[in-house]
Amino acid sequence: MVGKKKKKGSKTVVNIVLGIICVIWLLPTLGLFVSSFRPAADILQTGWWKVFPHQEWKAGDTIQLSKDVDLRGPIEVNGKTYTDDQLKAGVKADDSRLIWENRRARTVNSQEQGWKVKPDLTLDNYNNVLTGKEYKLKEADGSETIQKGTGLSQAFWNTLTIAVPATVIPVLIASFAAYAFAWLRFPGRKTLFVIIIAMLVIPIQVALIPVLKDYTALGLNGSYLGIWLAHTAFGLPLVTYFMYNFISQLPKDLFESAFMDGASHFTIFSKLILPLSVPALASIGIFQFLWVWNDYLVSLIFIGNQPSVQVMSMKIADLVGSRGNDWHLLTSAAFISMLMPLAIFFLLQKYFVRGLMGGSIKG
């Protein structure tokens, strides 16, 4: 009985901790999502939570003070005295709040608190970010300015064009290599495997300049083929190690039966290994895709920063640099960049945990 109570208590604590972690992670995402639909003037003036029902001070009766009131001394309002600083910030008096309405004219506003909702949402932010067309922006003072969108759609397709092959190629090559290291016997197998694993600790920055020089000599710099090969090379060590841990734990009886039936290594790999390795392939594919999708440095070095080939991370960085105050565009651009990784994760989530657990037990 005591053991069951302890187990139940531990489970409750774990659930509470997990719930807190989920809330901490989800709140910024919710704020980003809501802000991406809010007009620019609202983002600059109020927080994103103001779109939900909330209490807010509303303007009420105007109290006219005497014109000769000394603002440097105590100021009497409705029989009570306050300082000038208190009235500037707003001071609570009973169920209302007193605040300067027009300090020069000596008028004080008595505000009352009430529920308010500001559901002013718009798709203009996404339209302006994606299309790159000229658009009108309404400022807080009511004036309108004409600006030009960022044209993020081109960067989105550029990133997708880079990310998909740069994920499929290394995962496929690493799967072949992992099968060879796990089940084939050839000279130097262990040494070669150790060298590949050792490459995990080498920073990719040390290889950028030498590889860039070779790319320039071969004419690969600035091309999609070059960036695909770069991401493949930098991602192969981790992907190979991950797939090796999974494939090496597959039952040996499967291979012995296949060899007895006359199957070749390629047949075994294509008919047995790949179908059984779907969870592991999906898991490491998610990690590789996320790394390539969010990459900035490798893409900047090997494909450049020209508008026609810019990836999402570069475009958003330029948006921050040129429009640091345009949060309505930054939030929309950031959420657009999140859509594809989120879609990939949710599509493959059923394989994710199974893939991470692959190789943890034998049999």
Side-chain angles (χ1 to χ4, degrees), residues 159-208 210-212 214-215 218 220-221 223-250 254-255 258 263-295 297-299 301-303 311 341 344 347-348 351-352 354-356 358-359:
T159 309
L160 192 63
T161 303
I162 293 173
V164 173
T167 300
V168 174
I169 295 174
V171 170
L172 184 60
I173 295 176
S175 299
F176 277 106
Y179 172 72
F181 286 127
W183 297 105
L184 299 185
R185 298 295 180 265
F186 54 90
R189 179 174 64 95
K190 293 184 178 179
T191 303
L192 185 59
F193 184 71
V194 170
I195 292 174
I196 292 177
I197 301 306
M199 293 176 65
L200 287 171
V201 301
I202 300 177
I204 64 173
Q205 290 82 355
V206 302
L208 294 179
V211 174
L212 182 61
D214 293 335
Y215 270 31
L218 296 173
L220 291 175
N221 195 33
S223 66
Y224 284 124
L225 177 60
I227 191 68
W228 293 339
L229 294 177
H231 279 303
T232 298
F234 294 138
L236 270 177
L238 176 60
V239 182
T240 302
Y241 179 67
F242 186 92
M243 292 304 301
Y244 172 83
N245 287 335
F246 185 91
I247 295 176
S248 63
Q249 298 301 322
L250 293 175
L254 287 175
F255 302 95
S264 63
H265 285 295
F266 182 79
T267 301
I268 293 174
F269 180 81
S270 59
K271 300 297 184 180
L272 289 178
I273 299 300
L274 287 183
L276 292 174
S277 302
V278 168
L281 292 171
S283 298
I284 196 60
I286 290 174
F287 286 117
Q288 178 70 8
F289 184 87
L290 289 177
W291 178 63
V292 176
W293 184 268
N294 294 319
D295 169 67
L297 179 61
V298 176
S299 296
I301 297 296
F302 294 112
I303 202 170
V311 295
I344 295 296
L347 284 174
L348 302 178
Y351 302 111
F352 187 69
R354 290 166 56 190
L356 291 180

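The first residue of the sequence shown is numbered 1, and numbering continues consecutively from there. The structure presented is a predicted model; accordingly, all values stated were derived computationally and were not measured.
Taking Trp291 as the reference, His231 meet the ring-ring contact (aromatic ring centres under 6.0 Å, His included) condition, with sequence neighbours excluded. The side chain to side chain contact (heavy atoms under 4.5 Å, CB included) search around Ile173 returns Ile169, Thr232, Leu236, not counting sequence neighbours.
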Determine whether Ile273 and Phe255 satisfy the following criterion, side chain to side chain contact (heavy atoms under 4.5 Å, CB included), listing intermediate values before the conclusion. CA-CA 10 Å; Ile273 299 300; Phe255 302 95; 3.4 Å; yes
Go through it in stages, so that I can follow the logic: the residues are Phe246 and Leu281, the test is side chain to side chain contact (heavy atoms under 4.5 Å, CB included), and I'd like the CA-CA distance, side-chain angles, deciding distance and then a yes or no. CA-CA 10 Å; Phe246 185 91; Leu281 292 171; over 6 Å; no
Given Val211 and Phe302, is the side chain to side chain contact (heavy atoms under 4.5 Å, CB included) satisfied, shown in steps? CA-CA 9 Å; Val211 174; Phe302 294 112; 3.6 Å; yes
Kindly indicate, with the supporting measurements, whether the criterion side chain to side chain contact (heavy atoms under 4.5 Å, CB included) is fulfilled by Ile268 and Tyr179. CA-CA 10 Å; Ile268 293 174; Tyr179 172 72; 3.8 Å; yes
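Note that the CG atom of Asn245 and the CD1 atom of Ile284 stand 10.0 Å from one another [nearest 0.5 Å]. Atom-to-atom distance recorded for Leu290:CG and Asp295:CG is 12.5 Å, nearest 0.5 angstrom. From Phe234, atom CZ reaches atom CG of Leu229 across 11.0 Å, with rounding to the nearest 0.5 Å. Note that the CZ atom of Phe242 and the OG atom of Ser283 stand 5.0 Å from one another [nearest 0.5 Å].
Looking only at distances, no side-chain donor or acceptor of Ser277 sits under 3.5 Å from a matching main-chain atom of Ala280. Remark: the backbone N or O of His265 is not paired with any side-chain donor or acceptor of Trp183 at under 3.5 angstrom.
No more than 12 heavy atoms of other residues, nucleotides or ligands shown are found within 6.0 angstrom of CZ on Phe266. By the 6.0 Å contact criterion, OH on Tyr241 is open, its count of non-hydrogen atoms from other residues, nucleotides or ligands being 12 or less.
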All N/O donor-acceptor pairs, side-chain side in residues 189-205, below 3.5 Å, sequence neighbours left out:
unit_1 : atom_1 : unit_2 : atom_2 : d
Arg189 : NE     : Leu184 : O      : 3.3
Arg189 : NH1    : Phe181 : O      : 2.6

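The two residues Pro275 and Ser270 make their nearest non-hydrogen contact at CD-O, 3.6 Å. The two residues Gly226 and Tyr215 make their nearest non-hydrogen contact at O-OH, 2.7 Å. Pairing each heavy atom of Pro170 with each of Gln288, the nearest pair is CG-NE2, 3.7 Å.
Using a 4.5 Å heavy-atom cutoff, the side chains of Leu297 and Leu208 are in contact. Residues Leu272 and Leu250 have side chains not in contact (no heavy-atom distance under 4.5 Å, counting atoms from C-beta outward). At a threshold of 4.5 Å between non-hydrogen side-chain atoms, the residues Phe269 and Ser175 count as touching.
Of the candidates Ile344, Thr159, Ile162, Trp293 forms a side-chain contact (heavy atoms from CB on, under 4.5 Å) with just one, namely Thr159.
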